[in-house]
Engineer: 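This structure is in structure tokens; I'll ask about it shortly.
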Amino acid sequence: MTSGTVRVRFAPSPTGFLHVGGLRTALFNFLFARNTGGKFILRIEDTDRARYVEGAVQNLINTLKWSGLDYDEGPDAPGNYGPYVQSERLDIYRKHVDVLLEKGTAYRCFCTPERLESMRKEQEKKKLQPKYDRTCLRLSAKEIEDNIAAGKPFVVRLKVPDGETIRFSDIVRGDVEFMSERVDDQVLLKSDSFPTYHLANVVDDHLMEISHVIRGEEWLSSTPKHVLLYEAFGWKLPKFAHLPLLLNPDKSKLSKRQGDVAVEDYRDKGYLKEALVNFIALLGWNPGDDREIFSLEELGKGFSLEKVNKSGAVFNVEKLNWLNFQHLRRKPDGNVLSMLKDHLAKTGIGSTRYSDAYLLEVIAAMRERVSFIKDFTEKSPYFFLPPNEYDPAVVKKRWKPQSAEYLKKLGDEFLKLENPQKQDYENALHRTAESLNVGNSELIHPLRLAVSGMGEGPGLFDIVSVIGKEETITRINSAIERIK
RNA sequence: GGCGCUAUCGUCUAGUGGCCUAGGACGUCGCCCUCUCAAGGCGAAAACACGGGUUCGACUCCCGUUAGCGCUACCA
């Protein structure tokens, strides 16, 4: 592998669902790879058996695929750096821990969780920084051997050097530095001999030749530990880029409780993947011009880490809704048709009840009025079922005592039409209004209410010509009954 | 508490010392269009957290304050 090749990874922990913040991290990695001609890798960080969730990995993969972020290497995309699931790499981590132990840059710790707990409490009480007190670092070789022989459980900790300033450069944030005194002797290998995130992450990033570590800002504070690990192993540091956090409306880190955080939630609510991806791309990044609507390809073209913001971004659903509208209206009729049919099947109206030609007419009429596929049935149910009730507010405003008579005449006029087109209905209405000596609107509004049950929607003659002459007359007659 | 990061309209953001009487987008409001509702067009309200420097000149650079957030586990 050439050193100039970009290799980035999305390394989620499978906790049940894909978090939108995770999707954003994945997206930025993906876009960076696309933009630089590099590789995008999916690696599953499942080193916490306490948080094991059945089916989480598959779910994660499905959701990532739904969003369109294809990866070059991953659990189900073989590459030369596998396996891509950390629980299948346990022996690798143990070997690397042995190296550290031998070098003396790590040490075994036999302290019990209870002791650690009380130590921490004590430190907090004294307002000291909670930090391992290095009791086990002072163990003699003999004591260590005896402990091991006695079968005492232990963890392996990183031996953080004293008095060092740990510096690294972050592409997003510039130079960052930490005093090593502030860095805890991090556990690298747990007592169940699984690695912690810190160890597994560094080992894998090195072994998988990851060139750029692009992850959320919550990792910035633990980066010095990682830097120390790279140094302990004698490995070259990757480039770091810590992305700003996605925030709740109250500016705290985006979480459940304050709305939906699972990508699946948005998918299930009818958001288009194009809209979601477009939206989260704009959270923390901008193209440098006034464009707002992007396809994945377009995002990939213009993306650069240098244009990533430093501050957190509130996840604002209003704009996402607008983007969904924008992307939906850009979809070809054929795509909208099949989505509409799926939706119709789900709502019980049935996908085969209406011809494609009919549905296409509905789509043409509603194009400018829907942000979601579900809006077709929610905003214009009258295309699928006759109104079973009439909006009371509109009834009050539009149905006058004489409306029944007007509608009767209008229905009679429509009845005479042969294979009418939109314009024919309109002409018929004009004729009727003239003979009645009333304004067109005296007929238009009552008719709209009669055929749709509501006071808003596409042009009246569009509605009428879509549902057809027979249905229109039927609905007129039902309405007349209701007005009487 | 400690450490770290951040700080432009309600929200997403442009802005890299003079182009800023701070631009765009979502949302909000008004007008136009109009058979209604949208869409579309036009317009409005709306921000540089504060205080010191540096400079001929700061939204832009430095320092401090304040605020917010993150981390502070044998979780990631």
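Letters A, B, ... are given to chains in the order of the sequence lines, protein chains preceding strands, and every chain is numbered from 1.
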Engineer: RNA chain B: A:Glu318 or A:Ile444, which has the more 5' nearest nucleotide?
Structural biologist: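 By nearest-heavy-atom nucleotide position, the 5'-most residue is A:Glu318.
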Engineer: May I ask which nucleotide in the shown strands pairs with B:C71, Watson-Crick or G-U wobble, both distances under 3.5 Å?
Structural biologist: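 Base partner found: B:G2.
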Engineer: Can you check the A:His242 NE2 to B:C5 C1' distance for me, whole Å?
Structural biologist: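 It is 11 Å, rounded to the nearest whole Å.
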Engineer: In this structure, how many angstroms lie between the C1' atom of B:C3 and the CG atom of A:Leu220, rounded?
Structural biologist: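 To the nearest whole Å, that distance equals 11 Å.
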Engineer: Base, sugar-phosphate, or nothing for A:Phe178, non-hydrogen atoms under 4.0 angstrom?
Structural biologist: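 Sugar-phosphate, backbone atoms only, no base.
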Engineer: Across all strands, who's sitting opposite B:C42 as a Watson-Crick or G-U wobble pair, both distances under 3.5 Å?
Structural biologist: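 Base partner found: B:G30.
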Engineer: Determine the Euclidean distance between corresponding P atoms of B:A49 and B:C9; express it in Å to zero decimal places.
Structural biologist: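 Between the two P atoms, the distance is 7 Å.
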Engineer: Under 4.0 angstrom, heavy atoms only, what part of the nucleic acid is A:Ser221 near: base, sugar-phosphate, or nothing?
Structural biologist: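 Answer is base: heavy atoms of A:Ser221 come under 4.0 Å of a base.
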Engineer: Look through every strand shown and name the nucleotide pairing with B:C61 as Watson-Crick or G-U wobble, where both distances are under 3.5 Å.
Structural biologist: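 The base-pairing partner of B:C61, which may sit in any strand shown, is B:G53.
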Engineer: For nucleotides B:C62 and B:U6, find the distance between their P atoms and express it as a whole number of Å.
Structural biologist: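 Roughly 11 Å separates the two P atoms.
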Engineer: What residues in residues 223-230 of chain A put a non-hydrogen atom under 4.0 Å from any atom of RNA chain B?
Structural biologist: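 Close to the strand, none.
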Engineer: Would you call the rings of A:Trp219 and A:Tyr197 parallel, tilted or perpendicular if under 30° counts as parallel and over 60° as perpendicular?
Structural biologist: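 Correct class here is parallel.
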Engineer: P atom, B:C5 versus B:G30: distance in rounded Å?
Structural biologist: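 That atom pair is separated by 46 Å.
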Engineer: For A:Val277 and A:Ser67, work out which heavy atoms get closest and say how close.
Structural biologist: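 Nearest heavy atoms, A:Val277 then A:Ser67: CG2-O, 3.8 Å.
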Engineer: Roughly how many Å is it from CG in A:Asp185 to P in B:U72, rounded to a whole number?
Structural biologist: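 About 16 Å, once rounded to whole Å.
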Engineer: What is the distance from CE of A:Met179 to P of B:C3, rounded to the nearest Å?
Structural biologist: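 After rounding, the gap between these two atoms is 11 Å.
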Engineer: For a quick check of understanding: with a heavy-atom distance under 4.0 Å over all strands, which category does A:Asn440 fall into, base, sugar-phosphate or nothing?
Structural biologist: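 Counting heavy atoms under 4.0 Å across all strands, no contact is made by A:Asn440.
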Engineer: For each nucleotide in nucleotides 12-23 of chain B, reading 5' to 3', give B when a protein heavy atom comes within less than 4.0 Å of its base, S when such contact involves only the sugar-phosphate, and - otherwise.
Structural biologist: BSSS--------
Engineer: When you check the gap from the basic side-chain N to the acidic O, do A:Arg134 and A:Asp162 get nearer than 4.0 Å?
Structural biologist: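 Salt bridge: yes.
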Engineer: Between B:G4 atom P and A:Phe240 atom CZ, what is the distance in whole Å?
Structural biologist: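 Rounded to whole Å, this separation is 18 Å.
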Engineer: Decide yes or no for A:Pro381 and A:Met454: does some side-chain heavy atom of the first lie under 4.5 Å from some side-chain heavy atom of the second?
Structural biologist: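 Yes, close enough: below the 4.5 Å cut-off.
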Engineer: What is the nucleic acid contact for A:Thr47, judged by heavy atoms within less than 4.0 Å: base, sugar-phosphate only, or nothing?
Structural biologist: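 A:Thr47: backbone/sugar contact only, no base atoms under 4.0 Å.
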Engineer: Given atom CG of A:Asp133 and atom P of B:A73, what is their separation to the nearest angstrom?
Structural biologist: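 In whole Å, B:A73 P lies 14 Å from A:Asp133 CG.
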Engineer: Quick one: pull up NZ in A:Lys400 and NE2 in A:His445 and give me the separation to the nearest 0.5 Å.
Structural biologist: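 The NE2 atom of A:His445 is 9.5 Å from NZ of A:Lys400, to the nearest 0.5 Å.
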Engineer: One character per nucleotide, please: for nucleotides 36-47 of chain B, 5' to 3', B when the base has a protein heavy atom closer than 4.0 Å, S when only the sugar-phosphate does, - otherwise.
Structural biologist: BBBSS-------
Engineer: Kindly indicate whether the side chain of A:Tyr71, heavy atoms from C-beta on, has any atom under 4.5 Å from the side chain of A:Arg9.
Structural biologist: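 A side-chain contact is absent here, since even the closest heavy-atom pair is not under 4.5 Å.
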Engineer: Using atom CD of A:Gln186 as one end and atom P of B:C3 as the other, report the distance to the nearest whole Å.
Structural biologist: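 Going from CD in A:Gln186 over to P in B:C3 covers 19 Å.
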Engineer: Could you check A:Gln129 against A:Asp192 and say which one's nearest nucleotide on RNA chain B is further toward the 5' end?
Structural biologist: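 On the 5' side of the pair lies A:Gln129.
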Engineer: Between B:G1, B:C5, B:G70, which one does the side chain of A:Arg173 approach most closely?
Structural biologist: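 That would be B:C5.
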Engineer: For A:Phe17, does the six-membered ring have the charged nitrogen or CZ of A:Lys256 within the cation-pi criterion, i.e. under 6.0 angstrom from the centroid and within 45° of the normal?
Structural biologist: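 Yes, a cation-pi geometry holds between A:Lys256 and A:Phe17.
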Engineer: When the distance from NE2 of A:His327 to C1' of B:C26 is rounded to whole Å, what number comes out?
Structural biologist: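 Whole-Å distance recorded here is 14 Å.
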Engineer: So, taking the atom named CZ in A:Phe294 and the one named NZ in A:Lys301, what distance separates them when rounded to the nearest 0.5 Å?
Structural biologist: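 NZ of A:Lys301 is found 11.5 Å from CZ of A:Phe294.
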Engineer: What integer number of Å spans the C1' atoms of B:C3 and B:U28?
Structural biologist: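 The same atom, C1', in both gives a distance of 41 Å.
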Engineer: Just call it for A:Ser441: base, sugar-phosphate, or nothing, with non-hydrogen atoms closer than 4.0 Å on any strand.
Structural biologist: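 Nothing: the residue A:Ser441, judged by heavy atoms under 4.0 Å, touches no strand.
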Engineer: Are any of the side-chain heavy atoms of A:Ile483 and A:Leu407 separated by less than 4.5 Å?
Structural biologist: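 SC-SC contact between A:Ile483 and A:Leu407 confirmed.
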Engineer: Of A:Val362, A:Leu359, A:Ile363, which is the lone residue that meets side-chain contact (heavy atoms from CB on, under 4.5 Å) with A:Val336?
Structural biologist: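 Result for side-chain contact (heavy atoms from CB on, under 4.5 Å) with A:Val336: A:Ile363.
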Engineer: Counting only Watson-Crick pairs (N1-N3 plus N6-O4 or O6-N4) and G-U wobbles (N1-O2, O6-N3), all under 3.5 Å, who is the partner of B:U11?
Structural biologist: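 Base-paired to B:A25.
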Engineer: Distance check, rounded to the nearest 0.5 Å: A:Leu23 atom CG versus A:Phe10 atom CZ?
Structural biologist: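 So the gap between those two atoms works out to 7.5 Å.
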Engineer: How long is the gap from CE on A:Met366 to OG1 on A:Thr377, to the nearest 0.5 Å?
Structural biologist: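 So the CE of A:Met366 and the OG1 of A:Thr377 are separated by 9.5 Å.
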Engineer: Contact between A:Phe28 and A:Val8 at the side-chain level, heavy atoms closer than 4.5 Å - yes or no?
Structural biologist: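 The answer is no, as the side chains (C-beta and beyond) never meet within the 4.5 Å cut-off.
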Engineer: Would you indicate which nucleotide in B:C74, B:C75, B:G70 comes nearest to any side-chain atom of A:Lys253?
Structural biologist: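 Selected nucleotide (nearest to the side chain): B:G70.
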